[in-house]
Amino acid sequence: MFELACKDFSLGTTLESGQAFRWIEREGWFYGFLGPGLVKVQQQGDRLRCAASHPALTPAYLGRYFALDLDLPHILTLINVDMQIHQALVRYPGLRVMRQDGWETLASFICASFNNIKRIESLIERLAQAYGEPVALEGFGGFTFPQPARVAAASEKALRSLGLGYRAPYLKATAQRIVAGTLRLEHLSQVDYATAKKALMGCEGVGDKVADCVALFGFEKYEAFPIDVWMERVMRYYFRHRKMTRGRLHAYAQQRYGAWAGYAQQYLYHDIRQRRTSAPYALPRPDQAVLIEEPHPVRALMRAEA
DNA sequence: CGCCAGGTGCTGA
DNA sequence: TCAGCACATGGC
């Protein structure tokens, strides 16, 4: 058992914001599979109590995983550019973008495309059961996320039998790229966002959205701004950008939120999903979009993009 | 049962 | 560039 300090952090909000798929809450503890082992974490004020099944899972490891070294208030100051996002920032204090494993993030978001979160979670769990290594911690057990070689060696039929559907060949091909060295993930942490995104999009089943998720959650590319159906809703409800394509929405968000756009995306994403699930009627209909405040000249910005 | 889900790849204008 | 379409699967 060990502890570490965690300033400006909410463990529960962060883990439930849709960026990671394998954390489980049991009796007041969050259990997560990290690298070679299993950890359990509990927040008490500005400290995290932890226990781990593997010596590699140190306080420093967890501090890095939860990105506790970043100055969150400063980041929020930089993206606090309108009332829409301001409300989300105020509503979810301590929400951080974690630094997850690159391969796990890539594989997970290939599985995530055109899928719902419940099913994504079960798919990844079955993948781990089939190809991961068993780990246990104080009565709780499970499987680590599989190594690329294990997935690359699996047959497409076997992967389909897990429920992957047409994503099975995509996942296998991507794992094979990593095993073959065609895609060197360890390099992506050091190159810029555009280079990393381009490399990721070389994989089958990886388009703009998946590449942005992997760049943001797996490779610290904080300007990445993934746009899925929920973010389209955000843009429609709040900004009246109903007719913009995803490409245009992406360019708009990059300009609006800048170097930390990925953080803005995570707050907006979590906010709209929370509103939808907890209070369906709190949202206006798409044809009744509300514009709370518009500090930037949106029309001029849109002309500039054209 | 029909609709939806943290989309992508392909095709034809 | 952009629209339109097929694509596996299962939760609701």
Side-chain angles (χ1 to χ4, degrees), chain A residues 13-23 88 92 95 97-98 100 104-127 130 154-174 177 197-219 221 224-237 241-253 261-278 280 283 286 302-303 305-306:
Chain A
T13 305
T14 298
L15 293 180
E16 287 160 9
S17 67
Q19 46 184 315
F21 300 112
R22 294 203 69 201
W23 286 86
Y92 307 105
L95 173 57
V97 173
M98 298 183 286
Q100 301 184 63
E104 177 170 347
T105 308
L106 175 56
S108 295
F109 277 93
I110 286 175
C111 298
S113 74
F114 200 37
N115 241 330
N116 60 63
I117 288 189
K118 280 277 184 240
R119 222 171 84 73
I120 296 163
E121 289 172 347
S122 67
L123 276 180
I124 295 172
E125 184 55 35
R126 270 176 271 171
L127 201 59
S155 70
E156 183 186 322
K157 181 176 286 185
L159 293 173
R160 279 183 184 272
S161 74
L162 300 175
L164 278 169
Y166 60 85
R167 304 169 196 81
Y170 295 161
L171 183 62
K172 181 175 166 66
T174 297
R177 272 175 187 256
K197 181 171 179 178
K198 192 175 176 183
L200 290 166
M201 287 182 67
C203 299
E204 290 176 83
V206 180
D208 279 288
K209 188 268 174 184
V210 170
D212 274 327
C213 284
V214 179
L216 176 61
F217 301 134
F219 294 99
K221 309 307 181 200
F225 193 92
I227 294 182
D228 66 340
V229 291
W230 293 97
M231 291 309 297
E232 285 184 332
R233 280 172 198 145
V234 169
M235 298 308 235
R236 287 181 193 134
Y237 289 141
H241 288 174
R242 298 178 58 190
K243 289 176 291 187
M244 287 174 73
T245 63
R246 287 193 175 190
R248 298 288 297 277
L249 290 174
H250 186 267
Y252 173 76
Y263 254 89
Q265 186 274 164
Q266 196 57 27
Y267 276 86
L268 293 171
Y269 173 82
H270 186 56
D271 185 40
I272 193 148
R273 289 194 76 240
Q274 288 295 115
R275 291 185 189 225
R276 169 63 75 89
T277 51
S278 62
L283 287 172
M302 289 177 69
R303 276 200 297 274
E305 292 165 25

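Values in this document were obtained by computation on a predicted structure and should not be read as measured data.
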Take the protein atom [atom1] of [X] and the nucleotide atom [atom2] of [N], then report the distance between them rounded to whole Å.
X: A/M201; N: B/dG9; atom1: CE; atom2: P; result: 7 Å
X: A/R248; N: C/dA3; atom1: CZ; atom2: C1'; result: 15 Å
X: A/I120; N: C/dG10; atom1: CD1; atom2: C1'; result: 12 Å
X: A/K209; N: B/dG7; atom1: NZ; atom2: P; result: 5 Å
X: A/L249; N: C/dC2; atom1: CG; atom2: C1'; result: 14 Å
X: A/M244; N: C/dT1; atom1: CE; atom2: C1'; result: 14 Å
X: A/H250; N: B/dT8; atom1: NE2; atom2: P; result: 11 Å
X: A/L171; N: B/dG7; atom1: CG; atom2: P; result: 17 Å

| request: With P as the reference atom in both, quote the distance from C/dA8 to B/dT11 in angstrom, rounded to an integer. | output: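 Straight-line distance between the two P atoms is 15 Å.
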
Just the table, please: protein N/O against nucleotides 4-8 of chain C N/O, every pair under 3.5 Å.
residue : atom : partner : partner atom : Å
C/dA8   : O4'  : A/Y166  : N            : 3.4

| query | Taking only residues two or more places apart in sequence, or in another chain, which ones meet A/E125 in a salt bridge (charged side-chain N to carboxylate O under 4.0 Å, His left out)? | reply |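 With sequence neighbours excluded, A/E125 shows a salt bridge (charged side-chain N to carboxylate O under 4.0 Å, His left out) to A/R22, given in chain and number order.
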
Can you check nucleotides 11-13 of chain B for protein contacts, nitrogen or oxygen pairs under 3.5 Å, and list what you find?
none

| Shortest non-hydrogen separation from A/C111 to A/L123 and the atoms involved | O-CD1, 4.2 Å

| How would you list, by chain and number, every residue that makes a ring-ring contact (aromatic ring centres under 6.0 Å, His included) with A/F21, sequence neighbours excluded? |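 Once residues adjacent in sequence are excluded, the partners of A/F21 under the ring-ring contact (aromatic ring centres under 6.0 Å, His included) criterion are A/F109.
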
| request: Using the test ring-ring contact (aromatic ring centres under 6.0 Å, His included), find all partners of A/H250 that sit at least two apart in sequence or belong to another chain. | output: none

| request: Say whether, by atom type as modelled, one donor and one acceptor occur between the side chain of A/E232 and the main chain of A/I227 under 3.5 angstrom. | output: no

| Test item: A/K172 side-chain N/O and A/A154 main-chain N/O as donor-acceptor pair under 3.5 Å | yes

| task | Indicate whether any N or O donor in one side chain lies under 3.5 Å from an N or O acceptor in the other, for A/Q266 and A/S17. | result |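 Present: a donor and an acceptor within the cut-off.
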
Please classify the nucleic acid contact of [X] as base, sugar-phosphate, or nothing, using heavy-atom distances under 4.0 Å.
X: A/E121; value: nothing
X: A/C111; value: nothing
X: A/Q19; value: base
X: A/Y170; value: sugar-phosphate

| said: Using the side chain to side chain contact (heavy atoms under 4.5 Å, CB included) criterion, which residues pair with A/R177? Sequence neighbours excluded. | reply: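 A/R177 satisfies side chain to side chain contact (heavy atoms under 4.5 Å, CB included) with A/T182, A/L183, A/C203 only.
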
| A/R246 vs C/dT1: side-chain N/O to OP1/OP2 distance below 4.0 Å |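 For C/dT1, neither OP1 nor OP2 has a side-chain N or O of A/R246 closer than 4.0 Å.
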
| query | Would you say A/E156 and A/L159 make side-chain contact, with heavy atoms under 4.5 Å? | reply | no

| query | With nearest nucleotides of DNA chain B determined for A/V206 and A/F21 from heavy-atom distances, which residue corresponds to the more 5′ nucleotide? | reply | A/F21

| query | Can we say A/D228 and A/R246 salt-bridge, meaning some charged N sits less than 4.0 Å from an Asp/Glu carboxylate O? | reply | no

